[in-house]
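The next block holds one structure in the form of structure tokens; read it before the comments.
Everything numeric in this text was worked out from a predicted model, so none of it was measured.
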Amino acid sequence: MAINMRIAIDARLYGPAKNKGLGRYVEQLVKNLELVDPEPEQSSVQGKSNEYIILLRKDNWDEYQPRSLNFKKVLADYKWYSLTEQIFLPIKLWRLKVDLVHFPHFNVPLLYRGKFVVTIHDLIMYKFPNERATTRNKFLYKIKYWLHGVVVKSAVKRAEQIIAVSKHTKRDLVKEFGIVENKISVIYLGYEVSQEQETRNKKQETNEVLIKFNIRKPYLLYVGNAYPHKNLERLIKAFESVRLKYPNLQLMLVGKDDYFYEQLKQFSNLTMKQWNNEVIFTNHISNGGLTELYKNASVYVFPSLYEGFGLPGLEAMSYGLPVASSKASCLPEIYGEAALYFKPTDINDMTEKICQIIEDESLREELINKGLEQIKKYSWEGCARQTLETYAHLLNHGKAV
């Protein structure tokens with residue numbers, strides 16, 4: 001069978017276990033490309049088919065099993081952001097003789113000289129060059145920041161095409177690097193509703209997580225990491241104000257216990273004082289436990305100062321949970337009319353919007369219904385189809401500019 005295009009996808013972070021957001025993107029892109037790009041015997045393109053080379057590491061090799069004959073696994077066991085990645089990955093790709101490579105993140109090897117597409121999710125390091133966002137010392141942080149800048153700039157300048165996950169990220173790329181707009185394709189990420197979410201309206205039969213952490217209703221919920229740009233210190237201050245009006249309210253902060261969460265706990269201890277026990281840090285929670293928390297929460301609060309896409313709010317909407325969101329960066333673009341927005345640096349505004357959702361039942365119902373409709377706009381299959389169109393256009397017509 002003749003081959004139309006030979007495309008490599010750098011899937012070394014395949015699977016959300018490796019990197020929740022990026023790993024999910026890589027996993028869903030590969031799985032859905034298998035669905036939208038036919039196997040050789042099903043192809044209607046004059047007997048030709050695209051061949052996909054999926055590059056994996058040893059630790060996620062078994063997580064992906066090709067379901068189509070035109071998808072093949074190849075071992076590329078080079079650690080992300082490493083010297084081996086910079087030196088040996090270009091050699092591996094050259095030996096594979098591919099027509100195009102898709103790098104799903106900015107870390108394109110500086111020595112690679114073949115055609116490639118790169119996905120840029122955000123420019124957080126450029127927007128928030130904050131030494132608090134790293135556990136390294138100041139000198140090492142400055143080296144890391146400089147290297148990050150070199151790699152990102154090289155990737156976006158040399159790419160045949162850039163995929164941005166939101167219009168906001170596209171605008172940032174144009175402004176920061178002077179990239180012409182038609183070199184950047186905006187392809188939204190998808191959202192896949194699980195069976196657990198489909199049963200969101202059924203009676204909750206177990207409250208194991210609520211019992212474990214001594215959680216009582218009502219409570220506010222945040223799920224994610226505690227990096228400085230997530231703005232969780234202001235959320236805790238807003239919660240302190242909200243609690244003056246609702247003394248039984250609790251705040252649940254769900255995320256892996258790390259350096260940043262430890263810093264946040266110390267801040268909470270100093271800020272909340274006699275109410276500190278009402279701010280509950282859960283560490284990592286399994287999917288089943290997380291489902292329980294979503295189903296029983298009163299409001300999902302997303303105070304972030306900067307996001308590339310904002311999947312957490314969509315996840316909350318999929319469980320029928322009303323969302324109070326920051327109006328910063330891409331969030332109004334992604335959530336549309338399905339969230340109630342506040343200025344993230346204004347604690348009083350954040351407080352007011354949270355109270356508004358708690359008090360106004362008709363507003364709650366409106367946000368819930370709009371949220372369930374909003375998530376339908378984001379499909380992994382649609383993401384894969386648009387990505388495939390980008391591949392085809394480049395290989396048939398050359399560079400976009």
Side-chain angles (χ1 to χ4, degrees), residues 5-15 18-19 21-33 50-57 60 64 71-126 147-166 169-170 172-173 177 179 183-187 189 308-309 383-384 386-395 399-400:
M5 297 185 287
R6 187 174 171 87
I7 302 166
I9 298 178
D10 182 5
R12 289 174 295 141
L13 272 184
Y14 181 98
K18 306 303 172 191
N19 183 303
L22 183 55
R24 182 188 301 177
Y25 168 63
V26 176
E27 177 185 57
Q28 292 297 332
L29 177 63
V30 172
K31 285 183 176 179
N32 282 274
L33 279 171
N50 296 324
E51 180 182 7
Y52 291 87
I53 307 299
I54 310 302
L55 302 174
L56 299 161
R57 294 188 65 197
N60 63 0
Y64 171 63
F71 282 71
K72 299 177 181 178
K73 299 196 296 184
V74 170
L75 186 65
D77 197 27
Y78 315 121
K79 186 178 179 181
W80 282 63
Y81 316 121
S82 69
L83 187 60
T84 56
E85 170 187 74
Q86 291 292 325
I87 296 173
F88 296 109
L89 184 56
I91 296 172
K92 170 74 74 172
L93 292 169
W94 177 75
R95 288 176 175 171
L96 288 169
K97 300 187 186 304
V98 295
D99 299 304
L100 184 71
V101 180
H102 185 174
F103 293 98
H105 199 31
F106 68 80
N107 57 320
V108 180
L110 296 171
L111 297 176
Y112 185 65
R113 288 297 178 266
K115 287 186 176 181
F116 68 87
V117 175
V118 62
T119 299
I120 301 295
H121 297 262
D122 57 59
L123 294 181
I124 287 174
M125 284 284 286
Y126 282 86
L147 287 172
H148 174 275
V150 169
V151 174
V152 173
K153 186 174 182 179
S154 172
V156 298
K157 292 291 186 181
R158 294 188 293 118
E160 303 290 315
Q161 190 75 7
I162 301 165
I163 294 174
V165 299
S166 65
T169 297
K170 177 176 180 176
D172 279 351
L173 285 164
F177 299 107
I179 306 295
K183 186 180 175 178
I184 308 171
S185 302
V186 176
I187 301 178
L189 305 182
F309 186 73
C383 175
Q386 289 180 275
T387 303
L388 178 59
E389 289 171 5
T390 300
Y391 299 160
H393 179 79
L394 288 176
L395 292 172
K399 280 195 175 186

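Among all heavy-atom pairs drawn from Ser166 and Val186, the shortest one is C-CG1, 3.7 Å. Looking at every heavy atom in both residues, Ile184 comes nearest to Ala164 through CG2-CB, 3.7 Å. The heavy-atom pair separating Leu111 from Gln86 by the smallest distance is CD1-O, 3.9 Å. When all heavy atoms of Val118 and Ala155 are compared, the closest pair comes out as CG1-O, 4.2 Å. Between Pro90 and Ile87, the shortest heavy-atom contact is CD-O, 3.4 Å. Between Tyr25 and Cys383, the shortest heavy-atom distance links the atoms CE1-SG, 4.2 Å.
Checking Val101, Val74, Asp77 one by one against Leu55, the side chain to side chain contact (heavy atoms under 4.5 Å, CB included) holds for a single residue, Val74.
Looking at Thr390 and Thr387, their side chains never bring a donor and an acceptor atom within 3.5 Å of each other. In the model, His102 has no side-chain atom that pairs as donor or acceptor with a side-chain atom of Tyr52 under 3.5 Å. Ser185 and Gln386 share no side-chain donor-acceptor pair at under 3.5 Å.
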So Ile162 and Leu173, side chain to side chain contact (heavy atoms under 4.5 Å, CB included) or not? Walk me through it.
CA-CA 9 Å; Ile162 301 165; Leu173 285 164; 3.9 Å; yes
Could you walk me through whether Leu89 and Arg12 pass side chain to side chain contact (heavy atoms under 4.5 Å, CB included), step by step?
CA-CA 11 Å; Leu89 184 56; Arg12 289 174 295 141; 3.6 Å; yes
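Thr169 places a side-chain N or O within donor-acceptor distance of the main-chain N or O of His121, the cut-off being under 3.5 Å. Side chain of Asp172 to main chain of Leu123: no donor-acceptor pair is present (N/O by atom type, distance under 3.5 Å, no hydrogens or angles).
Rounding to the nearest 0.5 Å places CD of Glu85 at 13.5 Å from OH of Tyr112. The OG1 atom of Thr84 sits 11.0 Å away from the CD1 atom of Ile91 when rounded to the nearest 0.5 Å. A distance of 6.0 Å separates CZ in Arg6 from CG in Leu96, rounded to the nearest 0.5 Å.
At a threshold of 4.0 Å, the pair Lys183-Glu160 does not count as salt-bridged, since none of the basic side-chain nitrogens sits closer than that to a carboxylate oxygen.
Counting heavy atoms from C-beta outward, Val117 and Leu100 have side chains that approach closer than 4.5 Å. At a threshold of 4.5 Å between non-hydrogen side-chain atoms, the residues Ile120 and Val165 do not count as touching. Under the 4.5 Å side-chain criterion, counting only non-hydrogen atoms from C-beta, Phe71 is in contact with Leu33. For the pair Phe106 and Val151, the minimum side-chain heavy-atom distance is below 4.5 Å.
Between Tyr64 and Tyr14, the two ring planes are tilted [angle within 30° to 60°]. Below 30°, between 30° and 60°, or above 60°: for Phe88 and Tyr78 the angle between ring planes is below 30°, a parallel geometry. Phe177 and Tyr126 have perpendicular rings, their planes meeting at more than 60° on a 0 to 90° scale where under 30° would count as parallel.
Heavy-atom contacts from other residues, nucleotides or ligands closer than 6.0 Å to CH2 of Trp94 number 12 or fewer.
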